[in-house]
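Reviewing the structure listed below.
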Amino acid sequence: MAITLSGDQSIPSPPLSSRLTPAQVWGIVLLAPYFLVFLAFVVYPVCYGLWLARHPASYVALYNDPIFARAAVNTLIFLVIGINIKMLIALFLSGFFAQQRTWIKWLSVIFILPWAVPSIPTILSVRFMLNPEWGMVNHIIFSLTGDDGPNWLNDPTVALAMAIGVHIWKSLPFWTLILITGRLAISHDLFEAAEVDGASWWQKFRYITWPSMQTLYVTCTLLSMIWTLGDFNSVYLLTGGGPADLTHVLATLGIRYLRLDQLSLAMASIVCAMPFVLPLVYFMMKRLSR
């Protein structure tokens, strides 16, 4: 760009470096590595995955695969049951752990361990416990009743229920901690005034706790839906999608197609999860921007 003067004379504009302050130059220099990492590990993989899933034939084959329909239903069940039960339990446990008692503080340390420990050892330990031959659960059943325990993960309904239970057990401490912070932000004067008026614990929760925590609870629920939709560990480490590929969810279905060397179907199955994710992200960002 140049500045044009009368008499066909032009003065070149100063370079960009001279128009930036030293702070702006250092800001660009420091942000450049993060921008490059974002391009390499976020933008490129997403664009490459969309390019692999560009063929309409992949979605036709995906639609005709009964495993995909079962995985979509399992995903919906996983979201509806897992999230609602998890958040309700976290809401009431947050009231229990918010009490100022020493033994409750020590109990909270034990309660947070499932979330703090990595997923692979914790979920695989549950899988070993449910083993029909030498698992601890069936061993206890045999010791108490003399009968052999069931094959827990051989029934699709029971296996999916176990996966939902593992997901709740693994992520429950995190959401409980988040809701505890919401409870601690409520003024104690409100509860003291309610006690003077003779309010019960349910009235305190209904008229004080819940109105104060409603926005936080809804926001956590939306964020939990996004994370639960991408929960790969709870299903794959516990059931591996079995038996007979009947407990797959959309987060694990892509691995099934990869093992069958069907890369286009794997990418298409991931793209099919986007209609679930994008509305959740939209409502999440809209709520956080208020």
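Residue numbers start at 1 and run along the sequence shown. All values reported here derive from a predicted model rather than from experimental measurement.
- Note that CE of Met87 is 9.0 Å distant from OG of Ser171, once rounded to the nearest 0.5 Å.
- A heavy-atom distance below 4.5 Å is found between the side chains of Cys272 and Phe68.
- Counting only heavy atoms from C-beta outward, the side chains of Pro132 and Trp152 never approach each other to under 4.5 Å.
- Atom SG of Cys220 is separated from atom CG of Leu223 by 7.0 Å, given to the nearest 0.5 angstrom.
- When the side chains of ILVMFWY residues are joined at heavy-atom separations under 4.5 Å, either directly or via intervening members, Leu177 and Leu184 end up in a single hydrophobic cluster.
- When the side-chain hydrogen bond (donor to acceptor under 3.5 Å, both in side chains) test is applied to Thr75, no partner is found at least two apart in sequence or on another chain.
- The distance from the CD1 atom of Ile180 to the CG atom of Leu91 is 11.0 Å, given to the nearest 0.5 Å.
- Few gaps surround CH2 on Trp210; more than 12 heavy atoms of other groups in view lie less than 6.0 Å from it.
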#### Entry: Chi angles and distances behind the side-chain contact (heavy atoms from CB on, under 4.5 Å) call for Tyr217, Leu88
CA-CA 9 Å; Tyr217 182 85; Leu88 285 175; 3.7 Å; yes
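- When the shell of 6.0 Å around CH2 of Trp106 is examined, it contains 12 or fewer heavy atoms from other residues, nucleotides or ligands.
- With hydrogens and angles disregarded, a donor-acceptor distance shorter than 3.5 Å links the side chain of Thr247 to the backbone of Gly242.
- Looking at heavy atoms from C-beta onward, Leu107 lies in side-chain contact with Phe96 at the 4.5 angstrom threshold.
- Using a 4.5 Å cut-off between side-chain heavy atoms of Ile, Leu, Val, Met, Phe, Trp and Tyr, with links allowed through other members, Ile178 and Leu222 fall into the same hydrophobic cluster.
- Under the salt bridge (Lys or Arg N to Asp or Glu O under 4.0 Å) criterion, the residue pairs touching residues 247-268 are Asp65-Arg256, Asp245-Arg256, with sequence neighbours excluded.
- Other residues, nucleotides and ligands place more than 12 heavy atoms under 6.0 Å from the CG atom of Leu260.
- Under the 4.5 Å side-chain heavy-atom criterion for Ile, Leu, Val, Met, Phe, Trp and Tyr, Leu130 and Ile164 are members of distinct hydrophobic clusters.
- Through direct or relayed side-chain contacts under 4.5 Å between Ile, Leu, Val, Met, Phe, Trp and Tyr, Leu76 connects to Val80.
- Residues Thr122 and Pro114 are not in side-chain contact: their nearest non-hydrogen atoms beyond the backbone lie 4.5 Å or more apart.
- Within the 4.5 Å cutoff, the side chain of Val196 has no heavy atoms near those of the Phe191 side chain.
- At a threshold of 4.5 Å between side-chain heavy atoms, the hydrophobic network of Ile, Leu, Val, Met, Phe, Trp and Tyr places Val158 and Ile168 in two separate groups.
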### Message
Between Leu258 and Gln262, is the side-chain contact (heavy atoms from CB on, under 4.5 Å) condition met? List the steps.
### Response
CA-CA 5 Å; Leu258 286 178; Gln262 297 175 334; over 6 Å; no
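- Of the inter-residue distances, the one linking Ile28 atom CD1 with Gln24 atom CD reads 7.0 Å to the nearest 0.5 angstrom.
- Closest approach of Ala71 and Leu253 over heavy atoms only: CB-CD2, 4.0 Å.
- Taken from OG1 in Thr157 to CD1 in Ile77, the straight-line distance is 8.0 Å, to the nearest 0.5 Å.
- As a member of the Ile/Leu/Val/Met/Phe/Trp/Tyr network built from side-chain separations under 4.5 Å, Val37 groups with Phe41.
- Ile67 and Ala244 get closest at one heavy-atom pair: CD1-O, 4.2 Å.
- Grouping Ile, Leu, Val, Met, Phe, Trp and Tyr residues whose side-chain heavy atoms lie under 4.5 Å apart, directly or via other members, leaves Leu246 alone, with no other cluster members.
- Distance alone, capped at 3.5 Å, is enough to place a donor-acceptor pair between the Asn138 side chain and the Pro150 backbone.
- Contacts of Lys105 classified as side-chain hydrogen bond (donor to acceptor under 3.5 Å, both in side chains), with partners at least two apart in sequence or in another chain: none.
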Tell me which donor-acceptor pairs under 3.5 Å the side chains of residues 43-55 have, and how far apart each pair is, sequence neighbours excluded?
{"residue": "Arg54", "atom": "NH1", "partner": "Trp51", "partner atom": "O", "Å": "2.7"}

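- Annotation: side chain of Ile186 is in contact with side chain of Met213 (closest heavy-atom distance under 4.5 Å).
- In this structure Thr209 satisfies the side-chain hydrogen bond (donor to acceptor under 3.5 Å, both in side chains) test with no other residue, sequence neighbours excluded.
- The closest side-chain heavy-atom distance from Ser264 to Tyr257 is not below 4.5 Å.
- Annotation: the span from Thr228 atom OG1 to Ile83 atom CD1 amounts to 4.0 Å, rounded to 0.5 Å.
- In this structure, Val117 and Pro121 approach most closely via the heavy-atom pair CG1-CG, 4.2 Å.
- Identified under the salt bridge (Lys or Arg N to Asp or Glu O under 4.0 Å) test for residues 121-139, with sequence neighbours left out: none.
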### Query
Going through the checks in order, is the side-chain contact (heavy atoms from CB on, under 4.5 Å) test met by Met162 and Thr239?
CA-CA 9 Å; Met162 290 292 180; Thr239 68; 5.9 Å; no
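- Ring centroids of Phe111 and Phe97 are separated by less than 6.0 Å, placing the two rings close together.
- Linking Ile, Leu, Val, Met, Phe, Trp and Tyr whenever their side-chain heavy atoms come within less than 4.5 Å leaves Phe78 and Leu153 in two separate clusters.
- Residue pairs satisfying the salt bridge (Lys or Arg N to Asp or Glu O under 4.0 Å) criterion with at least one member in residues 74-94, sequence neighbours excluded, are absent.
- Nearest heavy atoms, Ile112 versus Val109: CG2-O, 3.2 Å.
- The aromatic rings of Trp227 and Phe174 lie tilted to each other, with the angle between the two planes from 30° to 60°.
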### Message
Checking Trp115 against Trp169 for the ring-ring contact (aromatic ring centres under 6.0 Å, His included) test, could you report, in this order, the C-alpha distance in whole Å, the side-chain angles of both residues, the deciding distance, and whether it holds?
### Response
CA-CA 8 Å; Trp115 173 70; Trp169 169 71; over 10 Å; no
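- Every pair passing salt bridge (Lys or Arg N to Asp or Glu O under 4.0 Å) that includes a residue from residues 178-200 is listed here, sequence neighbours excluded: Glu195-Lys204.
- Between Asn233 and Ile120 there is no side-chain heavy-atom pair separated by less than 4.5 Å.
- Proximity of a side-chain donor or acceptor of Thr145 to a complementary backbone N or O of Ile141 within less than 3.5 Å is detected.
- Nearest heavy-atom pair across Ser58 and Leu265 is O-CD2, 3.1 Å.
- Residues forming a side-chain hydrogen bond (donor to acceptor under 3.5 Å, both in side chains) with Thr252 (at least two apart in sequence, or on another chain): His248.
- Inspection of the Ser234 and Asp231 side chains reveals an N or O donor paired with an N or O acceptor under 3.5 Å.
- Within 6.0 Å of CZ on Phe232 lie more than 12 heavy atoms contributed by other residues, nucleotides or ligands.
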### Message
Go through it in stages, so that I can follow the logic: the residues are Thr176 and Leu172, the test is side-chain contact (heavy atoms from CB on, under 4.5 Å), and I'd like the CA-CA distance, side-chain angles, deciding distance and then a yes or no.
### Response
CA-CA 6 Å; Thr176 303; Leu172 182 62; 3.9 Å; yes
